[in-house]
Structures are given as C-alpha cells and as structure tokens.
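Here's the structure we're looking at; comments come further down.
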Amino acid sequence: MEPGRTVIGGVELEVIPTNEAFDIAIPEMGAVYTHMLGHDCHSIIPGVQGAEAMETQLKGYLDRGFTLILTSHHTPEDRRDVVQKLEYLREVRTLAGRCRGREEFRKAVRERFPGYGGENYLDMTAGFFFP
C-alpha cells in the first residue's frame, strides 16, 4: 500500500506509515485501524526509541480527533484507551530507567499494571530494555 489518501468503494482512506508498518485512517468515521492498542494489556515496546515512536503515533490519534480505534488484537477502543496507553508507555519508560535488570523490570511493571494481559509481550519488552 502506498502512503496517502485513496478512495475504495466510495470511502476515503488514508494510509499512514508507522514505525512498525502502517495505520489506515477512515476520516469520515473518525476512526483509525492499527495493529494493536490494547489499553489493558502489555505491548511489545522495542526500547526507549520504540516507546517514543509509539507515543508520537498515539498522540497523533488524539490530535486528529479519532474517536474509534480498530485493531487486529483487541476490541474496538476509544480516546480514553489511547490516553491510558500513553500513560502506560510513559510509566514503562520510567520503570525501565529505575530498574537494573529484566526480572526487576518485569516485577515492577506487573505491580504497576496488575491484571494486564499479554505477559509474553512484557517478556519481549524486558528483552529490548535489558538485552
């Protein structure tokens, strides 16, 4: 898919390149499709730069006024979910800066975000922050 705007079946879509692949905006619906948001589950965060890229992407959703976020791996989400995930990303970066290793980091994130799904994603994130 080429970046930019296109019309398919009378619906305007915008392909937006991201750090991972691309998002698809559906402006007239106030919606965006992305690979995963998951406000209540861990994300695969490839280090500090990866977290910053994800934060920029999510802030863009808020700036553009998207009210519906559709994903491959979660239920439809909304602006509150974007804000919650932004808080998660900032906190994960903070915890990574305070911790001395993978196990300490995983424990700190689990304590801060109890009940979050995607434990395997947290393990991958720990590997990125603590290679």
task = Enter the distance from Ile45:CD1 to Met124:CE here, rounded to the nearest 0.5 Å.
result = 11.5 Å
key: His73 and His35 aromatic ring geometry - parallel, tilted or perpendicular at 30°/60° bounds   = perpendicular
query = Does a donor on one side chain and an acceptor on the other come within less than 3.5 Å for Gln84 and Tyr88?
reply = no
ask   = Do the non-hydrogen side-chain atoms of Thr34 and Phe22 ever get within less than 4.5 Å of each other?
value = no
message = Quick one, Val82 with Glu77, criterion side-chain contact (heavy atoms from CB on, under 4.5 Å). Give me CA distance, side-chain angles, the key distance, then yes/no.
response = CA-CA 8 Å; Val82 172; Glu77 297 180 274; over 6 Å; no
ask   = Going from OG1 on Thr56 to CG on Leu86, what distance comes out if it is rounded to the nearest 0.5 angstrom?
value = 9.5 Å
request  = Would you mind reporting whether Phe105 and Leu122 have side-chain heavy atoms less than 4.5 Å apart?
outcome  = yes
ask   = Checking side-chain contact (heavy atoms from CB on, under 4.5 Å) for the pair His74/Leu37: CA distance, chi angles, key distance, verdict?
value = CA-CA 7 Å; His74 211 278; Leu37 179 61; over 6 Å; no
ask   = What is the distance from atom CD of Glu104 to atom CG of Leu95, rounded to the nearest 0.5 Å?
value = 9.5 Å
message = If I take atom CG from residue Leu70 and atom CD1 from residue Ile24, how far apart are they, to the nearest 0.5 angstrom?
response = 10.5 Å
key: Glu20, CD atom: more than 12 neighbouring heavy atoms under 6.0 Å   = no
key: Separation of Lys107 NZ from Glu111 CD (nearest 0.5 Å)   = 4.5 Å
task = Return yes when atom CD of Gln49 has more than 12 non-hydrogen atoms of other residues, nucleotides or ligands closer than 6.0 Å, and no otherwise.
result = no
